[in-house]
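Order of the sequence lines sets the chain letters (A, B, ...), proteins ahead of strands, with each chain counted from 1.
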Number of protein chains: 2
Amino acid sequence: MSITVVGSIAYDRVKTPFGERERMLGGAATHFALAASFFDEVNVVGPVGEDFGDAELAVVATRGTHIGDVERVPGGKTFFWHGEYGWDLGSRETLATELGVFADFQPKLSEPSSQADVLFLANIQPDLQREVHEQCQAARFSALDSMNLWIDTARESLVGVIERVDCVILNDAELRQLTGKPNLLTAAREVLSWGPSVVVAKQGEYGAALVTADSFFALPAYPLETVIDPTGAGDTFAGGFVGYVARHVEQGLGDQVLRQAMAYGTALASFNVEEFGAERVTRLTADEVHERVGELRRITHFEEAPVELTT
Amino acid sequence: MSITVVGSIAYDRVKTPFGERERMLGGAATHFALAASFFDEVNVVGPVGEDFGDAELAVVATRGTHIGDVERVPGGKTFFWHGEYGWDLGSRETLATELGVFADFQPKLSEPSSQADVLFLANIQPDLQREVHEQCQAARFSALDSMNLWIDTARESLVGVIERVDCVILNDAELRQLTGKPNLLTAAREVLSWGPSVVVAKQGEYGAALVTADSFFALPAYPLETVIDPTGAGDTFAGGFVGYVARHVEQGLGDQVLRQAMAYGTALASFNVEEFGAERVTRLTADEVHERVGELRRITHFEEAPVELTT
């Protein structure tokens with residue numbers, strides 16, 4: 001199996017209560033690839049500017065990720081995001097977004113990228129997501145992320161892509177906004193009625209929930225005392241989730257596989273937030289990932305032990 | 001075993017996006033007792049006014065709860081709370097709080113109430129919680145709830161009571177505020193260092209987390225499409241949690257017992273929010289509770305199925 005991801009490769013300027021970085025490697029495709037590369041071959045599709053460093057490109061290529069479709073635009077500037085987090089990391093403010101080479105991005109997928117078995121459309125303009133989706137006819141499983149900006153400004157296009165993918169991965173607030181349904185379960189079921197068979201609601205520090213036609217599953221985030229920088233946690237989650245799915249898509253995606261995918265996504269995301277940007281996941285080991293999935297199971301497991309109740 | 005709860009018995013005026021009630025039975029002690037009475041004998045301690053109805057008193061006495069220490073104050077007015085919830089029920093505004101008979105409340109516990117094995121100090125002024133705690137020398141397990149008002153205005157008194165109880169049950173935001181620690185796990189461990197052996201962080205629609213010296217457990221809320229009124233959900237949770245604990249306090253409270261207590265608390269709270277005030281839990285059956293605990297286990301359970309990861 002192989003996975004193609006299309007999305008941003010970026011420089012981020014980030015300030016959290018625990019420090020700051022002036023210009024660190026970021027972007028949804030970067031975080032996704034660093035996680036998904038644990039599971040399968042990953043092809044990254046996205047543009048960077050002339051200012052993008054070889055060292056950063058080497059990080060994107062960690063664990064064998066293919067970077068042949070990372071297009072370096074002559075004279076262009078790499079996508080740049082500047083944000084700052086509040087004291088409990090629960091809120092963040094975007095101080096600047098400079099599209100740079102993303103402003104004129106026209107995705108052109110090479111043969112290996114377009115022949116991937118699994119596709120992840122990271123958060124970019126929905127029409128671009130649709131173009132990439134159309135170029136990937138071989139994909140047996142496709143998932144997408146999006147954001148409030150596109151729900152506000154390009155909802156129709158976004159719904160058009162959602163109708164074509166198998167899985168939607170959004171923050172719970174975005175699911176509510178997208179559907180106009182205040183209840184999370186109702187919102188998720190509304191999205192299922194448009195076509196996808198899987199909806200994942202990311203809930204930040206509270207974890208994530210999985211909704212399918214006949215099942216519901218929720219998993220808390222892994223508890224950490226040291227959270228340094230949440231940037232990229234959602235894309236790292238998606239990389240773990242979609243990566244695990246890619247390894248099982250051939251034999252079919254039962255409920256247990258999707259739940260395990262949630263656990264791997266959650267474990268990977270928990271490492272991501274322990275340090276700035278992609279620093280932690282870049283040097284993460286397979287053993288660490290497995291161990292944390294085991295811990296996630298232990299902290300969520302309980303035996304049923306009914307007691308007699310007064311009637 | 002028997003349980004004593006001290007706290008408010010109230011009339012609530014509540015508006016949610018799904019309707020309103022002008023004057024319904026409420027109060028922390030009411031909601032706690034309705035849940036805890038499934039597990040054990042409950043003694044309710046608290047004042048009501050001359051305006052308090054016999055029908056409402058009969059509801060407080062559901063499933064055999066003792067109301068001998070519900071003091072009806074001649075000429076007094078029952079505690080009254082008026083609040084309104086936002087569109088997704090995640091936020092609420094308090095429009096009025098009239099203390100009524102609570103303004104001059106001096107807890108006087110009868111022999112059965114003061115001899116209880118388990119004590120729950122619902123959210124009242126911390127000095128009153130301490131007086132009740134001192135009258136209950138026989139309690140083998142005591143827990144308390146509180147709120148931002150007391151953290152703001154009576155923090156020293158509150159910490160003084162916390163040092164004396166076994167278990168603290170607070171919203172996660174209150175734990176952060178109480179300790180000044182933005183990280184939930186750090187905040188919970190700070191509270192453990194003051195004396196209690198168990199901290200429960202209520203997280204509203206996201207569920208609840210349990211922190212002890214050597215264990216962490218988190219359980220999502222039960223997913224519901226129909227949430228009508230969250231009022232009393234936290235006290236209902238506490239009633240289920242403390243009730244289950246009361247049934248096991250004699251043989252000792254291991255990690256699994258506390259986790260099962262979390263499940264019972266979560267199940268009971270999920271019924272509470274399905275209708276206004278205490279309406280649903282008043283007519284709830286034991287079978288319904290057991291069934292929902294079973295469902296909670298199913299929606300949180302996953303098998304570990306490690307895959308080989310790229311190194």
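Ranked by heavy-atom pairs under 4.5 Å with chain B, the list A/R298, A/K181, A/E295 is led by A/R298. Of the listed residues A/L219, A/T186, A/V307, A/T311, the one with more heavy-atom pairs under 4.5 angstrom with chain B than any other is A/V307. Residue with the most contacts toward chain B among A/L224, A/T226, A/L89: A/L224 (heavy-atom pairs, distance under 4.5 Å).
Looking at B/L309 and A/F39, their side chains come closer than 4.5 Å, going by heavy atoms from C-beta outward. Side-chain contact check for A/E304 versus B/Q260: every heavy-atom pair is 4.5 Å or farther apart.
Atom CD of A/E308 is surrounded by 12 or fewer heavy atoms from other residues, nucleotides or ligands within 6.0 Å.
Distance alone, capped at 3.5 Å, places no donor-acceptor pair between the B/R259 side chain and the A/E303 backbone.
Below 4.5 Å, heavy atoms of chain B meet heavy atoms from A/A286, A/V289, all part of residues 281-289 of chain A.
For a residue to count as touching a neighbouring chain, one of its non-hydrogen atoms must lie under 4.5 Å from one of that chain's; by this rule A/E205 touches chain B with the side chain only. Neither the backbone nor the side chain of A/D255 comes within contact range of chain B, judged by heavy atoms closer than 4.5 Å. At a 4.5 Å heavy-atom cutoff, the contact between A/Y206 and chain B is made by side-chain atoms alone. Both the backbone and the side chain of A/E225 come within contact range of chain B, with heavy atoms under 4.5 Å apart. Contact of A/R247 with chain B is made through the side chain alone, with heavy-atom distances under 4.5 Å. Looking at A/D88, the atoms closer than 4.5 Å to chain B (heavy atoms on both sides) sit in the backbone and in the side chain alike.
The two residues B/A263 and A/F302 have their closest heavy-atom pair at CB-CE1, 3.6 Å. Of all non-hydrogen atoms in A/Y264 and B/P306, the two that sit nearest each other are OH-CA, 3.1 Å. The two residues A/Y244 and B/A305 make their nearest non-hydrogen contact at OH-O, 2.8 Å.
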